[in-house]
Amino acid sequence: TENLQYALMDISLNSNRFNFNDLSSFVPDIDMLKGAVGVQLQASGNLLQLDVNKIVLDYEKTHLETKATIKNINDIDEMTVSTEFKNSIINQADINKLLPEYGIPVFEKLGLVKIDSLTFDGKPLNFKSKILLSTNDGKVSSDVRMNFEKAVTEYDINFTSTNFSL
């Protein structure tokens with residue numbers, strides 16, 4: 001099993017309609033996700049470094065595109081993720097269709113939310129992220145550093161808006 005981390009993988013997935021209900025009977029924890037998504041995925045590497053060259057997700061009117069590098073998948077304490085979103089649009093109402101149990105508020109006045117850029121770099125619980133979003137009502141950007149690994153969460157969040165009001 002020690003050599004498994006070096007095993008090379010090439011992963012390719014292309015589905016116009018992947019329904020979460022089909023998977024939730026095998027993976028009960030994803031039962032919170034509803035509906036069907038179009039997905040394209042291309043990745044290669046091993047458990048020490050997996051290069052995800054393309055992820056495209058389409059759900060209703062939402063379109064997400066990203067690429068990522070995931071390191072140390074086999075060691076959750078040392079796993080890191082570096083990802084960058086581009087050419088992405090979120091229709092807020094789609095979030096409630098995908099996650100109906102949570103009653104996430106929708107600000108219809110904002111319209112579609114365009115992700116001009118979004119990066120994430122670090123461990124799942126200790127990371128930095130930069131976000132630039134555009135809406136019908138202006139732009140929002142943030143520079144975030146969060147560390148949930150400490151006994152007391154550490155964070156540094158800078159938030160800027162331009163022509164933006166709720």
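In this text, all values refer to a predicted model and were calculated from it rather than measured experimentally.
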task = Sequence neighbours left out, what passes ring pair (Phe, Tyr, Trp, His ring centres under 6.0 Å) with Tyr59? Give chain and number order.
result = none

inquiry  = Could you report the tightest heavy-atom contact between Met32 and Pro100, atom names first, then the distance?
reply    = O-CD, 4.0 Å

Residues which pass salt bridge (Lys or Arg N to Asp or Glu O under 4.0 Å) with Glu84, listed by chain and number, not counting sequence neighbours = none

task = Over all heavy atoms of both residues, which pair between Leu47 and Asn74 is shortest? Give the atoms and the distance, please.
result = O-OD1, 3.6 Å

ask   = With side chains defined as the heavy atoms from C-beta onward, is the minimum distance between Val39 and Leu13 less than 4.5 Å?
value = yes

key: Exercise: identify the closest heavy-atom pair between Asn14 and Gln40   = OD1-CG, 3.6 Å

key: Close side-chain approach of Thr62 to Ile89, heavy-atom, < 4.5 Å   = no

inquiry  = What's the separation between atom CG in Asn53 and atom CD1 in Ile11, rounded to the nearest 0.5 Å?
reply    = 10.5 Å

task = Would you name the heavy atoms of Gly45 and Leu50 that are closest together and state the gap between them?
result = N-CD1, 3.9 Å

ask   = If you look only at pairs with a residue in residues 120-133, which of them pass as a salt bridge (Lys or Arg N to Asp or Glu O under 4.0 Å), with sequence neighbours excluded?
value = none

task = Please list all pairs passing the salt bridge (Lys or Arg N to Asp or Glu O under 4.0 Å) test where one or both residues lie in residues 34-60, with sequence neighbours left out.
result = Asp31-Lys34, Glu60-Lys97

query = Considering residues at least two apart in sequence or located in another chain, which fulfil the side chain to side chain contact (heavy atoms under 4.5 Å, CB included) criterion with Ile30?
reply = Phe20, Leu23, Ser24, Val27, Leu33

request  = Check whether any side-chain heavy atom of Asn147 sits under 4.5 Å from a side-chain heavy atom of Arg145, and report yes or no.
outcome  = no

Sequence neighbours excluded, every pair satisfying salt bridge (Lys or Arg N to Asp or Glu O under 4.0 Å) that has a member inside residues 86-95 = none

